[in-house]
Amino acid sequence: MPEYALTIEVRTHPAGVSVVALAGELDLHTAPRLHRAVERTAEELPLVLDVARLGFCDSVGVAELLFAFRRTRAAGTSLALAGTTPDLGRLLAISGLETLLPSHATVDAAVGALRRDG
């Protein structure tokens, strides 16, 4: 069985925002791990998905990004992406999702935007 590499690190930013950092591949095989990580974050906190070290994302991965968006929206909070790669940015633009999933250069910039908008 092949090894599918996705590292997920979950932390709370000092500003009171959940940060889920992803590194590796987000696809059919690894997306359920992101789903579980998002479910374990505090619903009442805004959420930043740090995708700067995400090397690959397929349509199943995008569906999990949308799950995170829907979860934050249902809880009355917000979601932002940090460090979106050109490939992921293009995928989001082609699918029309860049307005639902706002992207910022860094985690701190995303946190700042969420705190201003929240």
Side-chain angles (χ1 to χ4, degrees):
M1 177 158 218
E3 180 81 23
Y4 298 100
L6 178 68
T7 302
I8 301 174
E9 188 177 301
V10 179
R11 64 185 173 90
T12 301
H13 190 278
V17 174
S18 294
V19 177
V20 177
L22 307 171
E25 300 180 1
L26 181 57
D27 59 19
L28 172 67
H29 302 285
T30 60
R33 292 177 49 215
L34 174 58
H35 192 95
R36 289 189 299 273
V38 168
E39 285 181 325
R40 287 192 303 266
T41 62
E43 282 188 4
E44 67 276 5
L45 297 180
L47 176 62
V48 171
L49 297 178
D50 180 359
V51 295
R53 297 184 319 158
L54 196 61
F56 176 79
C57 182
D58 70 5
S59 60
V60 177
V62 170
E64 288 307 321
L65 299 179
L66 286 172
F67 164 75
F69 167 78
R70 287 190 306 271
R71 184 175 186 269
T72 56
R73 182 62 52 100
T77 62
S78 299
L79 168 80
L81 303 180
T84 304
T85 63
D87 287 342
L88 181 57
R90 184 169 183 264
L91 179 60
L92 296 175
I94 288 170
S95 58
L97 297 175
E98 73 275 6
T99 56
L100 287 181
L101 304 172
S103 183
H104 303 275
T106 65
V107 168
D108 286 337
V111 167
L114 290 174
R115 300 310 295 165
R116 277 191 309 276
D117 296 343

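These numbers come from the heavy atoms of this one structure, side chains and all, not from hydrogens, waters or symmetry mates.
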Point to revise | Reported CG-to-CD distance for the pair Asp58 and Glu64, which is rounded to 0.5 angstrom | key: 10.5 Å
Check your understanding: Considering all heavy atoms of both residues, which atom of Val48 and which atom of Ala82 are nearest to each other, and what is their separation?
Key -> CG1-CB, 3.9 Å
Exercise for review: Compare every heavy atom of Glu43 with every heavy atom of Ala75, then report the nearest pair and how far apart it is.
Suggested key: CB-O, 3.3 Å
Exercise for review: Please identify each residue that fulfils ring pair (Phe, Tyr, Trp, His ring centres under 6.0 Å) with Phe67, with sequence neighbours left out.
Suggested key: His35
Check your understanding: Just how far is it from atom CG of Asp50 to atom OG1 of Thr106, taken to the nearest 0.5 Å?
Key -> 9.0 Å
Exercise for review: Under the side chain to side chain donor-acceptor pair (under 3.5 Å) rule, collect the residues that match up with Thr41, sequence neighbours excluded.
Suggested key: Arg71
Review point. Heavy-atom distance under 4.5 Å between the side chains of Leu45 and Leu47, does that happen here?
Key: no
Review point. Measuring from Arg40:CZ to Ile8:CD1, what's the distance to the nearest 0.5 Å?
Key: 7.5 Å
Exercise for review: Report the distance from atom CG of Leu88 to atom CG of Leu22, rounding to the nearest 0.5 Å.
Suggested key: 10.0 Å
**Study point:** Non-neighbouring partners of Thr84 that pass side chain to side chain donor-acceptor pair (under 3.5 Å), sequence neighbours left out
**Key:** Ser103
Review point. Under a single-linkage rule joining Ile, Leu, Val, Met, Phe, Trp and Tyr whose side-chain heavy atoms are separated by less than 4.5 Å, which residues share a cluster with Leu28?
Key: Val60
Point to revise | Residue list, side-chain contact (heavy atoms from CB on, under 4.5 Å) with Leu97, at least two apart or on another chain | key: Val62, Leu66, Leu92, Ser95, Leu100, Leu101
Review point. Hey, does the side chain of Thr77 reach the backbone of Thr72 with a donor-acceptor pair shorter than 3.5 angstrom?
Key: yes
**Study point:** Rounded distance [0.5 Å steps], CG in Leu6 versus CZ in Arg33
**Key:** 5.0 Å
Check your understanding: Are any non-hydrogen side-chain atoms of Asp87 and Leu91 less than 4.5 angstrom apart?
Key -> no
Tabulate below the donor-acceptor pairs under 3.5 Å that side-chain atoms of residues 9-19 make, not counting sequence neighbours, or state none.
residue: His13; atom: ND1; partner: Ala15; partner atom: N; Å: 3.0
residue: His13; atom: NE2; partner: Asp108; partner atom: OD1; Å: 2.9

Study note, to complete from the structure: d(Phe69 CZ, Leu49 CG) to nearest 0.5 Å is 12.0 Å
